[in-house]
S.K.: 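Okay, here's the structure, questions in a sec.
Quick note on labels: first sequence line is chain A, next is B, and so on, each numbered from 1.
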Number of protein chains: 2
Amino acid sequence: MSMDIIDRKLLELLQADATMPIAELAQRVNLSQTPCWKRLQRLKEAGVIRAQVALCDARKLGVGTTVFVAVRTNQHTETWAAAFTQAVRDIPEVVEVYRMSGETDYLLRVVVSDIDDYDRIYKQLITAVPLYDVSSSFAMEQIKYSTALPVRPAVTVTNNG
Amino acid sequence: MSMDIIDRKLLELLQADATMPIAELAQRVNLSQTPCWKRLQRLKEAGVIRAQVALCDARKLGVGTTVFVAVRTNQHTETWAAAFTQAVRDIPEVVEVYRMSGETDYLLRVVVSDIDDYDRIYKQLITAVPLYDVSSSFAMEQIKYSTALPVRPAVTVTNNG
DNA sequence: AATGAAAGGCGCGACAC
DNA sequence: GTGTCGCGCCTTTCATT
């Protein structure tokens, strides 16, 4: 799938605001509506654009506190991993989960209303699946949160690196 | 701002798919189009719904690798904090930044194509602002990533906790 | 006062050029 | 890639309880 500078500009715009009408998108990239629309179809079909969603205000939903949870396991088995995966996917307060290299086996981002609320999720988690070690760090402030991925040309290979 | 069970259901639906036409949204919450539409307007004006965006596939954009960067500073000043904030906001590969409690002062999530690419961002970061300590952990696998925040009733206070 | 039904504006989606 | 046409959705208004 080719991705020229116009496609990248479209992705940039749509990642910032997906309500923008095609007419406006088109003129921002100096195109008429039809080719612009065709590019969007192509990007969707290729799965580059994988969804269009509403973003909510975490504080207004009463989950303004983020907790990072570092998890270690002593059961390095496929069945444990499957159970853990299922458990975290089933808890909506757990919004991000990564399997890590290094000391920590898994890193979770959990959104809650306060410390007591976190304790509720913590208990839910350790009840659902056995954890060897759990270490929680609270975020004091969210300085940046972006769902927009960087859209840039394929890294150019040069000889003077 | 009151938020009944219908509003919460609407948020749940829109956080999963914001392309859903009002007619369908309406019938999913057992309402007709107008009252449903009015609720959406209200949620937008109140800032509960803060944006509507396109989500892209990280791998297909060549940034399928996530790196968590723990940063410590020795300059606990307002000016340093402002410079740091500006620096991370200006780097699109840095998608999330939190000010933490505990050992780590700041935790960053960075998306890159590979280790070499991360080194590029790392250099960019330490050039922009002085950092006392930087510790990077690579994610092997993204097990969960959701932009949908949990939408639940205000925590009911009971006497038998 | 809030819901359910109906009409107009308009942006999306397929054709020919 | 550009311009045109029709369909269907969003938005508003009116009638209703």
S.K.: Rounded to the nearest 0.5 Å, what's the gap from CD on Gln33(A) to CG on Leu40(A)? Could you check?
M.R.: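 That separation rounds to 11.0 Å.
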
S.K.: So Phe84(A) and Trp80(A), would you call those rings parallel, tilted or perpendicular, with 30° and 60° as cut-offs?
M.R.: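 If you compare the ring of Phe84(A) with that of Trp80(A), the planes turn out parallel.
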
S.K.: Base, sugar-phosphate or nothing for Gln33(B)? Non-hydrogen atoms, less than 4.0 Å.
M.R.: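 Contact class for Gln33(B): base.
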
S.K.: Could you work out which one of dT2(D), dG4(C), dC12(C) sits closest to the side chain of Ile22(A)?
M.R.: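 Looking only at heavy atoms from C-beta outward on Ile22(A), the closest nucleotide is dC12(C).
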
S.K.: When you match Gln41(A) and Asn30(B) each to their closest nucleotide on DNA chain C, which lands nearer the 5' end?
M.R.: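 So the residue in question is Asn30(B).
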
S.K.: Can you tell me how far C1' of dG8(D) sits from CD of Glu24(B), to the nearest Å?
M.R.: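 Going from CD in Glu24(B) over to C1' in dG8(D) covers 14 Å.
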
S.K.: Please determine if a side-chain N or O atom of Arg39(A) lies less than 4.0 Å away from the OP1 or OP2 oxygen of dG1(D).
M.R.: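 Arg39(A) to dG1(D) OP1/OP2: side-chain N or O found under 4.0 Å.
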
S.K.: Rounded off to whole Å, could you give me the CD1-to-P distance for the Ile6(B) and dA2(C) pair?
M.R.: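 In whole Å, dA2(C) P lies 13 Å from Ile6(B) CD1.
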
S.K.: For dG13(C) and Trp37(A) - does any side-chain N or O of the residue sit under 4.0 Å from the phosphate oxygens OP1/OP2?
M.R.: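 For dG13(C), OP1 or OP2 has a side-chain N or O of Trp37(A) closer than 4.0 Å.
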
S.K.: Using heavy atoms to find the nearest nucleotide of DNA chain C for Lys38(A) and Pro21(A) separately, return the residue whose nucleotide is more 5′.
M.R.: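 Closest to the 5' end, via its nearest nucleotide, is Pro21(A).
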
S.K.: Under the 3.5 Å rule, do the base of dA2(C) and the side chain of Thr34(B) count as making a donor-acceptor pair?
M.R.: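 Per atom types, no contact qualifies.
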
S.K.: Side-chain heavy atoms under 4.5 Å apart, restricted to Ile/Leu/Val/Met/Phe/Trp/Tyr: what other residues fall into the cluster of Val53(B), or is it alone?
M.R.: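 Its cluster partners, ordered by chain and number, are Val53(A), Leu55(A), Leu55(B).
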
S.K.: Can you check side-chain contact (heavy atoms from CB on, under 4.5 Å) on Val69(B) and Tyr118(B), steps first, answer last?
M.R.: CA-CA 10 Å; Val69(B) 184; Tyr118(B) 171 65; 3.3 Å; yes

S.K.: Base, sugar-phosphate, or nothing: which does Pro35(A) touch, judged by heavy atoms less than 4.0 Å apart?
M.R.: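 Touches a base.
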
S.K.: Rounded to the Å, how far apart are Glu45(B) CD and dT11(D) P?
M.R.: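 Going from CD in Glu45(B) over to P in dT11(D) covers 12 Å.
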
